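Note that the structure is predicted; figures quoted are calculated from it, not measured. We use all heavy atoms of the structure for the numbers below, so side chains are in, but hydrogens, waters and symmetry mates are not. Below, read A as the first sequence line, B as the second, and so on, with proteins coming before strands; counting in each chain starts at 1.
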There are 2 protein chains.
Amino acid sequence: MKFFKVPEPTIMRLSLYSRILEQMEERGIPIISSVELGDAVGINSGVVRKDLSMFGEFGVRGVGYNVRELRDNIRKLLGQDRNWPVIIVGAGHLGSSLAAYPGFTQRGFNIEAIVDSDPALAGTTIQGHPVIDWAGAEQLIKEQGVRMAILAVPPDAVQSVAQRMIDLGIEAILNFSPIILKVPAAKAQVQNVDLTVFFDLMRFTSNLNEQEGLRPQSSSLRGLAVR
Amino acid sequence: MKFFKVPEPTIMRLSLYSRILEQMEERGIPIISSVELGDAVGINSGVVRKDLSMFGEFGVRGVGYNVRELRDNIRKLLGQDRNWPVIIVGAGHLGSSLAAYPGFTQRGFNIEAIVDSDPALAGTTIQGHPVIDWAGAEQLIKEQGVRMAILAVPPDAVQSVAQRMIDLGIEAILNFSPIILKVPAAKAQVQNVDLTVFFDLMRFTSNLNEQEGLRPQSSSLRGLAVR
DNA sequence: ACTTGTGAAGATGTTCACAGCT
DNA sequence: AGCTGTGAACATCTTCACAAGT
């Protein structure tokens, strides 16, 4: 098996392409060009072609890409064509909103359950997904071979919850709490998604714009020294 | 006023530093080195120094950085020291979970209200924040000078809601729906945060790991051609 | 005529290593 | 002795522009 390096930005864009292609297919559009796909996700067409050419030759010169075919290939690349059992930890607002998102199932994730330590919640359902306690989680993870966990728990609980999940055999963790979760790389993979960062990012530019008037957005930001 | 380019990753890391420093201060730690700060956010100390030196000379050679001083400077850089009135659009799960996040207020955002088109919700409160209708939103935005909006609405509503917000004078939009919101740059700034991308990113690596056994995570991913 | 796939050039971001200061 | 600030080397990602294919 021959592996090669793939830029992380490429994977993130594949995810975007995948959704655009889904929409194109629904609308019955058979062919799409790299320019159209690029416009749809807000990037240059060359990036699209580079990204795709990395994994194979999916297009036809002079024509474009077959929408369904490309979608299927990307789905396969991202693993969207298979069923991934997932467990959500934390039945609060964020956990619930993730559980409520329908695109989840469409994209190959299967929410097996939501784990919560509140005994009052165990046995209930949220958006049709059962809420279970830790004992139930242990059983479920073993039985269903769950490998991915989504952490939507309060910041102070993150580290211990992550450890507990790893002990139960979880291999990949997506952490939504505003805490940088660190776990020995050999134990499990962690992806931290810190929403507050996006707020700060947005504000940083607003803050500047205020000082020089609103301007066209550019990918490279500008700063202003403190003194 | 002298502006200079700042890498977007730098801003995102400043946001992380800011929280770590907050924690350090609470624990009464007076001084921190670039190595310690780097470890805390999981990066090389050189990056920390580069990031900070961009905005001024905050440290003391041979000593380190004064925690409180550095925190204050970063707060100022990111605009966390001022009060930013914000409006959340969409009183669903995601909107509610954002409204529930306490760190929001701590970090200089003031959630003025949650706008929702459901008439049954107008007049109620979510997490202490009033839910208002569009008429109320118009008034509030004008009166309070609200400039930032957080969109947590269903995908099909995003584009029209964004337009409506811009018409009401909103200058910065943080879009959480899995749709790439596009707005003329001169009208407003948009930051799209597509959560599904993170899921796909995580799965991509899991998908590969499965084929070659779990490995240490590395920042550069590897791929496998489709054919 | 049109659009892909891709090497090469360019831009951006990161790491290194050491001079400079306490 | 220790840690910052920073130029220079390096790595990574993006853009360009054109040959190749239909």
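- Distance, B/Leu52 CG to C/dT14 P: 14 Å, rounded to whole Å.
- Residue A/Met12 contributes atom CE, which lies 12 Å from atom P of D/dC13 at whole-angstrom precision.
- Nearest heavy atom pair, residue B/Ile179 against residue B/Asn192, reads O-OD1, 3.6 Å.
- Taking atom CD1 on A/Ile32 and atom P on C/dC2, their separation rounds to 18 Å, with Å as the unit.
- A donor N or O paired with an acceptor N or O is found under 3.5 Å between the base of C/dG20 and the side-chain atoms of B/Arg61.
- A close approach under 4.0 Å does occur between a side-chain nitrogen or oxygen of B/Arg13 and OP1 or OP2 of C/dT14.
- Because its NZ or CZ atom is both nearer than 6.0 Å to the ring centre of B/Phe109 and within 45° of the ring axis, A/Arg203 counts as a cation-pi partner of that residue.
- Here A/Ser34 reaches the OP1 or OP2 of C/dT4: one of its side-chain N or O atoms lies under 4.0 Å away.
- The interatomic distance linking A/Glu8 (CD) with C/dG13 (P) rounds to 15 Å, in whole Å.
- No hydrogens or angles considered: nothing links the side chains of A/Glu69 and A/Asn73 as a donor-acceptor pair under 3.5 Å.
- Side-chain atoms of A/Lys50 and base atoms of C/dG7 include a donor and an acceptor less than 3.5 Å apart.
- Proximity of B/Asn44 to the phosphate of C/dC16: a side-chain N or O atom is located under 4.0 Å from OP1 or OP2.
- Nearer to the 5' terminus of DNA chain D, by closest-nucleotide assignment, is the contact made by B/Ser33 (compared with the other of A/Thr10 and B/Ser33).
- Across every non-hydrogen atom of A/Leu16 and A/Val41, the tightest pair is CB-CG1, 3.9 Å.
- Rounded to an integer number of Å, the gap from B/Ile43 CD1 to C/dC16 P is 13 Å.
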